[in-house]
Amino acid sequence: MTATRTEAPPTGPTRLTDADLDLLLLIRHFELALLDMFGRGELHGTTHTCLGQEYVPVALRPLLDDGDHVFSNHRGHGHYLARFADPHGLLAEVMGRQGAVCHGVGGSQHILRDRYLSTGVQGESAPVAAGVALHLKRAEPGRLALVYVGDGTWGEGAVYEALNMAALWELPLVLVVENNGIAQSTPTGVQLAGSIGGRARAFGVDHLLVTSTDTNTVRAELAPVLRRVRDRAAPQVVELLTHRVGPHSKGDDSRRPEEIGQARAHDWYARYAAAFPEQFSEHDERQRRYVADVVREVSGRPASRWEGIDRG
Amino acid sequence: MTATRTEAPPTGPTRLTDADLDLLLLIRHFELALLDMFGRGELHGTTHTCLGQEYVPVALRPLLDDGDHVFSNHRGHGHYLARFADPHGLLAEVMGRQGAVCHGVGGSQHILRDRYLSTGVQGESAPVAAGVALHLKRAEPGRLALVYVGDGTWGEGAVYEALNMAALWELPLVLVVENNGIAQSTPTGVQLAGSIGGRARAFGVDHLLVTSTDTNTVRAELAPVLRRVRDRAAPQVVELLTHRVGPHSKGDDSRRPEEIGQARAHDWYARYAAAFPEQFSEHDERQRRYVADVVREVSGRPASRWEGIDRG
Amino acid sequence: MAERVVENLNQALHALMADDPGLHLLGEDLVDPYGGAFKATRGLSGRWPDRVLSTPLSEGGIVGVAGGLALAGQSAIVEIMFSDFVALAFDQILNFASKSTAMYGRPVPMRLVVRCPTGGNRGYGPTHSQSPQKHFVGIPGLTLHEVSPFHDNHAVLARMLASGRPGLLFEDKVLYTNRMYADGVVDELFRYDYLGPDAGTARIWVDDPEQCDCVLVVPGGLAGRAVRVARELLLRDDIVCQVLVPSRLWPLDVDALLPSLARAGRVVVAEESTAGGTWGAELAQAVHGRLWGTLRAPVRLVHSADSVIPTAAHLERTVLVQDTDIHRAVKEVVSGD
Amino acid sequence: MAERVVENLNQALHALMADDPGLHLLGEDLVDPYGGAFKATRGLSGRWPDRVLSTPLSEGGIVGVAGGLALAGQSAIVEIMFSDFVALAFDQILNFASKSTAMYGRPVPMRLVVRCPTGGNRGYGPTHSQSPQKHFVGIPGLTLHEVSPFHDNHAVLARMLASGRPGLLFEDKVLYTNRMYADGVVDELFRYDYLGPDAGTARIWVDDPEQCDCVLVVPGGLAGRAVRVARELLLRDDIVCQVLVPSRLWPLDVDALLPSLARAGRVVVAEESTAGGTWGAELAQAVHGRLWGTLRAPVRLVHSADSVIPTAAHLERTVLVQDTDIHRAVKEVVSGD
Ligand SMILES: Cc1ncc(C[n+]2csc(CCOP(=O)(O)OP(=O)(O)O)c2C)c(N)n1
Ligand SMILES: Cc1ncc(C[n+]2csc(CCOP(=O)(O)OP(=O)(O)O)c2C)c(N)n1
Ligand SMILES: [Mg+2]
Ligand SMILES: [Mg+2]
């Protein structure tokens, strides 16, 4: 009745390019820095970090071009950084400082930049992305709309309304499901009946399950699938079994220690460090320092301004 | 990409009990009388007749008991008559005359009587029925909640939210899908991607496809399925391939003549008449006259009253 | 005789589709030969099959798709078959389409109109007869308009789309089969002209537009009824009542109304919505604030009862606002001082 | 010191669950050890695992399930994690739960409460900070309440359920961590008591409950802020301001408020909602109609700007209603005549 998770021990990581490793580590240290700042009371509001899931947008990065639309969700810092490599703009947004991508109005989970959009209501973006894909199919064939959703978000009816229309109208829509086995505090098994794969296929939509957390492997599995979406203009669901290493937002992790340990055991970070210690430690140190610089620099900026514009 | 319909020529009907035949014909003549009255401008508002689909609730009738909850929809006259054999109360409701089941407030598509409820917003009843099933499972094990939905209603996200919860919580919920190949004017193939069977199974919900329009056969196929729902307390989807012989509501049939002919070819009415002419003509005449009496009697009643009650 | 309102609307959609290759129409059962439940979209899918789409039953999803088209720089008009079902799209309207115009820190144009066949008096029953305008008043970024027999739908829709703000267009279902008014003439007694920018508010008057005993403000769906009442008031009660019909319900253009209201000093606002949190209450609040000391009586609201809307005609009448209710309210306000 | 508001709410839920074996709680992440996003449901699932259900993310569906439980004669309380998402349940609330109480021609009790953590000032951003009360005003059959530090949540919830009408309970998210008031004492200056049936409206006053320069009416979420402003007005401006906090926002119990309002002749209504179609406008309309000629000034409304609610604290402040806005409004109304 409930979704099963493949919990085979992860296979060893492959060696990443320096650029990929840098991007992974940039995201990691960015998220750690945020939690750190929250812990010290330097941040206001809330945030959802993607610790453990960084490799998903990094694997996708070279498979997308600027003409593709990306729809992100609450857990979107990695999605943003993989697209724009702009930790200053994002941190400024989270902190409400000058240079913020959205002037501090949107904050962590409401970001619009070029063809990248995130918003905070789960599932709402799926039909919106279908609408964008409808336009792309006609006006810019070969381009696609990609939506990141979590496993929990498959509870929302909007997802099925979107899948149905995307399948009927053969839209170039990709749903990237970051199935981290949990929604806030609720394990997937008690909030999702059947399976995501079955749900996609029930609408005539192809589904690919990706269990690796190795950036190279994931990318290699995704590449032909995205190419097919572009060629055929048909929707696709890609489900990645991934692991949320951190809390849902800040400090609200009510999982048992074993469960958190399970997630940690799948974390690419420690495993990559063990497999490629030299490359890792050099880049890790570099990104840690880079992020520390970003934090220092952005923290020194004045408050963002939001003026003279149409406020509603 | 689109749902396929089995359009094999219907197999010959089997002989029905007089009681079943009477009920079928009661519904048939009731619906014909309504269209007739609308045609003569004697009815106000709108109505959706179940011409061609009468056998679905008739087949289900002895499989349900008064403790089961039934949720009907816009096309609900057959559902109501199969449960209560009360054409007077229903016609009075449609006409707004005294003795109306709901005092003329609800009209054709908003009816509540004992454990029978219909309402006019497609899909909305699915989660409601799941809630009722949650109660039944605990308080009255062995009883079930049954929801009639059309194929088009599978466009609504609410259906999936309900399916998911029903499967997770193992609720005695039966979705009876009257798949008549059309939603108002839109063929199923252009509004429903994949298949209803696939959608049910994707949520871990069993699905039964019934293609016969013979009341005995349909009942025999449904009986073990409903028994299983009662025994196991698990949801079930039953999909009946059926045929809308009349217009969507009144006079709004924009199908091509061949399409209407197709639907007619599957109509149990003419086929039963041909197979069992004597039994048929006797009962047909009797029900026709009965309904004519009902129309005459109810038309003579004064307007319904709705007073002294909490109006909202 | 002038065309019917639904024909005017249909022609407006034809003209907009012809002019804007980026405009899409979405909704249930829109395509020919059905042409929509109220036939407003007749003939469109034949001309533009790619841009006129019959959708599945998915009100929330359709408005979401339209929001996506708007986000991608296109324009979209959605038909919700009965405005009661726009409840299913409340999230997409409130939290996506309207929010997106501003929540990213800079203006984002969203050219999106949701058409909502509205109101009762057709015996469709409690879930097919509502007037949900009031539930959408005060959503930042959203505009509300209502079809009226005085306002050309092409101009209204073109302006709504050009504004770059998502909007709802309420369309009284009984009004569809009424005639548009033309050439400034209502009948042998009443004339009309327009007030405010974009001729946004129609003003219907007898003899002298600057003189009346009372002003009756109504949304488009009540325009015909208001004119009928004004005529009766004149002929039966010798009361001169001016009628104002703003095309845009929200944001309110109170400035356009104030001179008339101030001159009359007596104001009635009538609408079909059931009681509570009505559009009229919002309008009254603006008027009370601006014309305190000038008004001779508080703004009087007329609306349907606080009740579900029954199906049977004789019961529906007891709930929905009637001409006699409006008539009585005007008489009371006029004779009250 | 009195308990925190969220503790009072949590205790209320414990007591209601203990008393009514037919009561169910449904919502996302309700069960322990998480106990809900705002911890209002802590400790409940341990005691009643069968009746406290963490649900999938399905706001519409959950309210539908709760409607089904209510229809079957049970009671249900739903938690919507952020009230912004109640938009997804608009159809179930408007067209099922509320309609069912009356549209079948006879009263059908629906014991259903939807709890909605509401409001801003926590930096959660445009889709997690709204005050959607106004969108639900005037739905026949539905009642609206708001949590206040003066109203015991057990009494409020018990009454809502017993009424047999579905209701929404709005819960200001900042208020959760504030203290309840107790024993009729606010501080060394202010006292409180109750007006109307069921002690529905809290009245906060200084010196003499029958004497004041102005009455400030607020929903529960603003109660603490209103008291703070009243204190400042007294100490800094020598203005005596009485505060009224009705627990039920809709239907309005205007009768309970009228004597106070009539005595003062000056009324300010403050709420956090953004501009337009506000609860205050509805209240003002009722007051203008009833106290025309008695009021010394039109009812003054204070609310947030007509804007999305930004995330960053320094921007959020520019949009959301501030103590200074309320303060200024009272001063203006008092000095205006
Ligand atoms: C419509 C809606 N309901 C509830 C929430 C609150 N919420 C934010 S994230 C979340 C859990 C989402 O789970 P999942 O989709 O698995 O994503 P994950 O957090 O695991 O990345 C919830 C309940 C929301 N943002 N939107
Ligand atoms: C939410 C909602 N959207 C639209 C409608 C209008 N409507 C009534 S019946 C119908 C078609 C339903 O098709 P289907 O579910 O296949 O049932 P059928 O009419 O074929 O029996 C539509 C669009 C509605 N009643 N509710
Ligand atoms: Mg998850
Ligand atoms: Mg159908």
Side-chain angles (χ1 to χ4, degrees), chain C residues 59-60 84-96 98-99 101-103 105 125-127 130 132 134-141 250-252 273-286 288-290 292 295 297-301 303 305-311 315, chain D residues 59-60 84-96 98-99 101-105 125-127 130 132 134-141 250-252 273-282 284-286 288-290 292 295 297-301 303 305-311 315:
Chain C
E59 287 74 10
D84 311 68
F85 313 149
V86 76
L88 288 159
F90 206 90
D91 176 67
Q92 285 287 348
I93 293 167
L94 173 72
N95 288 326
F96 186 78
S98 304
K99 289 281 174 301
T101 62
M103 81 168 168
T127 65
Q130 296 169 83
K134 64 185 180 185
H135 301 301
F136 294 91
V137 171
I139 294 183
W250 185 260
L252 287 173
S273 159
T274 60
T278 58
W279 173 72
E282 179 64 21
L283 178 54
Q285 175 61 19
H288 287 138
R290 300 285 289 277
W292 192 258
L295 291 178
V299 174
R300 171 73 171 269
L301 304 190
H303 44 62
D306 181 16
S307 168
V308 298
I309 300 165
T311 303
L315 300 177
Chain D
E59 286 75 9
D84 312 69
F85 313 149
V86 78
L88 288 160
F90 206 90
D91 176 67
Q92 285 287 348
I93 293 167
L94 173 72
N95 287 326
F96 187 76
S98 304
K99 289 283 174 300
T101 62
M103 79 169 169
Y104 298 109
T127 64
Q130 296 169 83
K134 64 184 181 186
H135 301 300
F136 295 91
V137 171
I139 293 183
W250 184 260
L252 287 172
S273 158
T274 61
T278 57
W279 173 72
E282 179 65 19
Q285 176 61 17
H288 287 137
R290 301 284 288 278
W292 192 258
L295 291 177
V299 174
R300 171 71 171 268
L301 304 189
H303 45 63
D306 180 16
S307 168
V308 298
I309 300 164
T311 304
L315 301 177

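Only this structure's heavy atoms are used, side chains among them; waters, hydrogens and symmetry mates stay out. Residue numbers start from 1 in every chain, and the chains themselves are labelled A, B, ... in the order their sequence lines are given, proteins ahead of strands. Predicted, not measured: the structure shown is a model, and the values here were computed from it.
- Of the possible donor and acceptor atoms, one in the side chain of N95(C) sits under 3.5 Å from a partner among the backbone N and O of D84(D).
- Between Q130(C) and L94(D), some side-chain heavy-atom pair lies under the 4.5 Å cut-off.
- Only the side chain of K134(C) comes within less than 4.5 Å of a heavy atom in chain D; its backbone stays farther off.
- If you tally non-hydrogen atom pairs under 4.5 Å between each of Q92(D), R300(D), K99(D), E59(D) and chain C, the highest count goes to K99(D).
- Here the side chains of V299(D) and H288(C) are not in contact, with every heavy-atom distance at 4.5 Å or above.
- One distance of note links CD of E282(D) with CD of E282(C); it measures 10.5 Å at 0.5 Å rounding.
- In this structure, no portion of W279(C) lies under 4.5 Å from any heavy atom of chain D.
- Between F90(C) and F136(D), the two ring planes are tilted [angle within 30° to 60°].
- L295(D) CG to W292(C) CH2: the interatomic distance, rounded to the nearest 0.5 Å, is 5.0 Å.
- Remark: H303(D) engages no residue in a side chain to side chain donor-acceptor pair (under 3.5 Å) (not counting sequence neighbours).
- With a 4.5 Å cut-off on non-hydrogen atoms, P126(C) touches chain D through its backbone and its side chain both.
- Contacts of T127(D) classified as side chain to side chain donor-acceptor pair (under 3.5 Å), with partners at least two apart in sequence or in another chain: H110(A).
- Across every non-hydrogen atom of P140(C) and S307(D), the tightest pair is CG-O, 3.5 Å.
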